[in-house]
Amino acid sequence: MIKGLLVIQQGGIPVYSFMQEKTTDEQELFISSFVTAIQSFAKMVMSREEDGVLRVVMPHAVFVFRILTLHNEKQKDVQYCFALLADSEKKGEDLPEMLEYLMVCFLAHESGRFNKELRKTSQDLVVYKAFDEFMKGFLRSDWKTVRKKVRPAPASILQGILNELRNYMPIEQIVTLHPKIQRLGPSYAWLSDDIPAGEEENLMKKIGQELGQTYGKGVYESLVDGIRKRLSTSSSPRD
Amino acid sequence: MTEQRGAAAEKPLVRTWWLYGIAALAVFETWWYVFKPIDAGPASVFEGFVFVALSGLCIPVFGLLARQFGFTSTKPGQIMSTLALGFVLWCAAEASWLVLTVMDQITNPSIADVFWLAGYMMQILALLMNVRAIHVGFKPSVFILWIALSILIAVVVISIDVAPLLTETVGLGTIVSMGYPFFDTVIIILALVIVLKFKSGQVAKPWAVLVLGFLLTAAGDVWYMYADMMGEYTNVYSPMDYPLAIGYIAFILSGGLFIRLYRKQRASSRDD
């Protein structure tokens, strides 16, 4: 069962943490020692610049990590460690897959606001608290239903396309489309940086051409139409 | 520079070695069923081994494709994983059939039937998932064609394979035997949807080959059922086994074409 999600900035500063409600003193002690352990572990992992999903299995807990590199306005790397904690790995619960799903949802939250804040290395931790409701809903739901029925909201047209491309291209191919596209896990990819408008247009054109060649005309256009609709419906109530 | 040119000239041949291998397999199977080269006894065991090997080869090919798409995390990954699982079950069926043949313990139904029917269910599920994933509507004329062909195929299969079974005393063997024409009909109908809808784009070719594999398997199976009922089936050099063998070869070819397609695209994206 999933116990929580942590996002840690380089240097070990936690920017977001969500933990399941604590019930006993023992659990509270366990979680606080877990957070401390993750902080130092994340610092070590980030300094080594390791890639891929890392998994640590302990007698009563499993946690999986993923390092995300974003670029700030000065084009400097900003690293974050996303950590998912579970008390055990249940059958049918693929923790790396869950982690990448939560990463996409986190980064795309409020039309990509969190992504922008993370790139600014914002220390205003209250901003991310808005994700608590999502996490509560996520933990209440069955993972199989979530992965089947709830697609992460698109942060932008391009990011929405990248999210959907997983159903059309292998992830190894998606990351070759542009140097700023990085792999989040088994199937999702994320843009580490804003790209200039002209470059973005070229990238979308390239994706359109590749999808057209592989799956025929109209596939890319219907994909973009769907994302536009989702973007307009997800942003309208808040605006 | 000359060395580089030499390497470049060598590459296409190296990259297509598997295509020659598949062509050689198809030629070998044709030669085997036409010329019947060895005695029936060892030939029946050898045939069994070939079927185990062919169905076994489908597993890594589709497993590799499933891995490329993150196994069950994506829709294509789910389709390829289900196909791979179907081939695992068919390979288990071929292996148990071989053991039963060697031991001369063939019964109706047998353990091989359990694996075959379970494999059919997986393949039908995979085709169904793919049909649902194609966001292309039928044109009215194509839809009518599909309905007409589906009814025709169902009627033909029922009259050849199911109707004679109904005259028998209904036992477990009869019920299991009726499962095959039913699944064959469903497979053909789903395969037709894919053929009629998936017409454009490079991905249409490997899908067409895969569908051809399913059509050959279904045709071989219907023919086998009929021959078995008529008492004409022999366990060696039976012409109805030929489409089944070529069907497996088509599956391997289709998987190879999928892998080559995505590999080529990855290389071209990198070059851009």
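Throughout, protein chains are lettered first and strands after them, A, B, ... in sequence-line order, and every chain is numbered starting at 1. Since the model is a prediction, treat every value here as computed from it, not as a measurement.
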Those residues that, when tested against A:Pro170, pass side-chain contact (heavy atoms from CB on, under 4.5 Å) (two or more places apart):
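If we apply the side-chain contact (heavy atoms from CB on, under 4.5 Å) test to A:Pro170, skipping adjacent residues, the hits are A:Glu172, A:Gln173, B:Gln68, B:Phe69, B:Tyr262.
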
More than 12 heavy atoms of other residues, nucleotides or ligands under 6.0 Å from [atom1] of [X]: is that the case?
| X | atom1 | answer |
| --- | --- | --- |
| B:Phe28 | CZ | yes |
| A:Glu199 | CD | yes |
| B:Arg263 | CZ | no |
| A:Phe134 | CZ | yes |

Interatomic distance, [X] atom [atom1] to [Y] atom [atom2] [nearest 0.5 angstrom]:
| X | Y | atom1 | atom2 | answer |
| --- | --- | --- | --- | --- |
| B:Gln202 | A:Tyr215 | CD | OH | 10.5 Å |
| B:Lys264 | A:Thr214 | NZ | OG1 | 11.5 Å |
| A:Arg147 | B:Thr72 | CZ | OG1 | 4.0 Å |
| A:Tyr101 | B:Ser73 | OH | OG | 13.5 Å |
| B:Ser200 | A:Lys217 | OG | NZ | 9.0 Å |
| A:Ile171 | B:Arg67 | CD1 | CZ | 13.0 Å |

Looking at B:Arg266 and A:Val175, would you say the former's side chain and the latter's main chain have a donor-acceptor pair under 3.5 Å?
no

Which atoms of B:Leu261 come close to chain A, meaning under 4.5 Å heavy atom to heavy atom: side chain ones, backbone ones, both, or neither?
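Side chain of B:Leu261 only, per the 4.5 Å heavy-atom cut-off to chain A.
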
Can you list the residues that meet the side-chain hydrogen bond (donor to acceptor under 3.5 Å, both in side chains) rule with A:Arg119, with sequence neighbours excluded?
A:Asp193, A:Asp194

Should A:Asn167 and B:Pro76 count as side-chain neighbours, where that means a heavy-atom distance under 4.5 Å?
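With C-beta onward as the side chain, the pair touches.
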
